[in-house]
Amino acid sequence: MIDLVEAFGAARSFQRGGKTVAALAPTTCRVRAGDRIALLGPSGSGKSTLLHLMAGLDIPSAGEMRWPLLGRRDGLLPGKVAMVFQSPSLMAPLSVIENVELPLILKDGRDDARATAMEALKRVGLADLANKLPEELSGGQGQRVAMARAIAARPQLLLADEPTGQLDQATGLALIDGLLNWLAGSPTALVIATHDLAIAERMERIWHMDHGQMCSAAGDER
Ligand SMILES: Nc1ncnc2c1ncn2[C@@H]1O[C@H](COP(=O)(O)OP(=O)(O)O)[C@@H](O)[C@H]1O
Ligand SMILES: [Mg+2]
């Protein structure tokens, strides 16, 4: 099967205060259609760095990223790849529904963008907040809107960076279960970064991260 994204010894380091911080040690992994993968690790272990490389938002300092099924790095977002960011990422002047609709319009100006966006908001249980502004939402609601925005465009690769980080565990698990339900049987691949083992265990595979190193779960060929 052809891979959606492949990392070949991909590494990322940053310069900080004259020192080099190795955020991600050379990493080799692949994501295929239909995969359900958790990136599990403590804060600072390199999860966000790897997701940003997978989304093509950042480039590795060494090694290489490839997207055999998706094409060039500059054509991934929005559409083929969707990213749910760890930090708030909604556009402040736009209403909730307009935020969710935006990637749909950017992608192909769909006439049914509004209806599709509403359907995605229903999926995350926030249809009644459609006309609110982002500043009127709680952190957890904002994360759920960001999730709706990501799923609405039906990406081939969905990358979610601690999407339940501002929710209590029960609400977080319910959101993930809703997402998995929505994705059931679909070829969309999901990679979700979390430090919550209960969330990670909902996925088919767990990639453990620690100090920028990925140490695979037993039996996982990556
Ligand atoms: N832009 C950056 N500049 C400097 N250091 C960074 C930057 N991004 C990440 N780091 C460092 O790289 C390491 C991994 O970060 P990150 O990928 O955000 O981890 P996680 O998402 O698992 O919390 C941390 O030590 C972090 O401080
Ligand atoms: Mg992170």
Side-chain angles (χ1 to χ4, degrees), residues 4-31 35-67 73-74 76-77 81-90 134 138-147 149-151 155 157-169 171-173 175-176 179 189-217 220 222:
L4 289 169
V5 54
E6 300 168 335
F8 296 94
R12 183 69 167 103
S13 52
F14 295 98
Q15 302 300 322
R16 197 165 50 190
K19 285 193 184 157
T20 303
V21 179
L24 186 69
T27 298
T28 296
C29 61
R30 57 171 55 165
V31 179
D35 275 348
R36 306 280 179 263
I37 297 169
L39 271 183
L40 178 67
S43 181
S45 59
K47 305 181 298 297
S48 295
T49 302
L50 180 57
L51 285 185
H52 290 167
L53 292 177
M54 286 181 166
L57 289 167
D58 189 15
I59 47 178
S61 338
E64 205 187 334
M65 300 296 297
R66 285 187 210 152
W67 295 269
R73 184 176 81 89
D74 56 13
L76 300 175
L77 293 155
V81 176
M83 177 97 187
V84 181
F85 291 94
Q86 185 168 1
S87 45
S89 59
L90 300 177
S138 71
Q141 287 170 337
Q143 283 189 313
R144 283 151 70 190
V145 174
M147 178 75 86
R149 179 176 58 180
I151 61 179
L157 176 60
L158 175 54
L159 306 169
D161 198 352
E162 307 212 25
T164 63
Q166 295 188 48
L167 302 171
D168 63 76
Q169 197 183 51
T171 311
L173 282 171
L175 179 67
I176 296 306
L179 175 64
L190 172 65
V191 183
I192 179 165
T194 181
H195 52 247
D196 184 336
L197 182 60
I199 302 274
E201 283 178 336
R202 292 292 212 268
M203 303 296 135
E204 286 162 7
R205 289 196 280 160
I206 300 180
W207 290 350
H208 292 268
M209 309 254 338
D210 197 19
H211 291 93
Q213 304 265 0
M214 189 193 287
C215 24
S216 179
D220 180 4
R222 278 187 350 227

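Counting convention: from 1, in listed order, for ligands and their atoms alike.
- For the ligand labelled ligand 1, residue Gly41 lies outside the 4.0 Å heavy-atom shell.
- The shortest N/O to N/O separation between Gln86 and ligand 1 does not fall below 3.5 Å.
- In Arg16, the part holding a heavy atom less than 4.0 Å from any atom of ligand 1 is the side chain.
- Each of the following atoms of ligand 1 lies closer than 4.0 Å to a heavy atom of Thr49: 15 (O), 16 (P), 17 (O).
- Between Phe14 and ligand 1, no pair of N/O atoms sits closer than 3.5 Å.
- By the 3.5 Å distance cut-off applied to N or O atoms, Val21 is not counted among the residues near ligand 1.
- Comparing Ala23, Ser43, Ala22 by heavy-atom distance to atom 12 (O) of ligand 1, the nearest is Ala23.
- Listed by atom number, the atoms of ligand 1 under 4.0 Å from Ser45 heavy atoms are 19 (O), 20 (P), 22 (O).
- Residue Pro42 places a heavy atom less than 4.0 Å from ligand 1.
- The shortest N or O to N or O distance between Gln15 and ligand 1 is not under 3.5 Å.
- The distance criterion of under 3.5 Å between nitrogen or oxygen atoms is not met by Glu162 with respect to ligand 1.
- If you put the vertex on the Mg ion (ligand 2), OG of Ser48 and OE1 of Gln86 sit 90° apart, to the nearest 10°.
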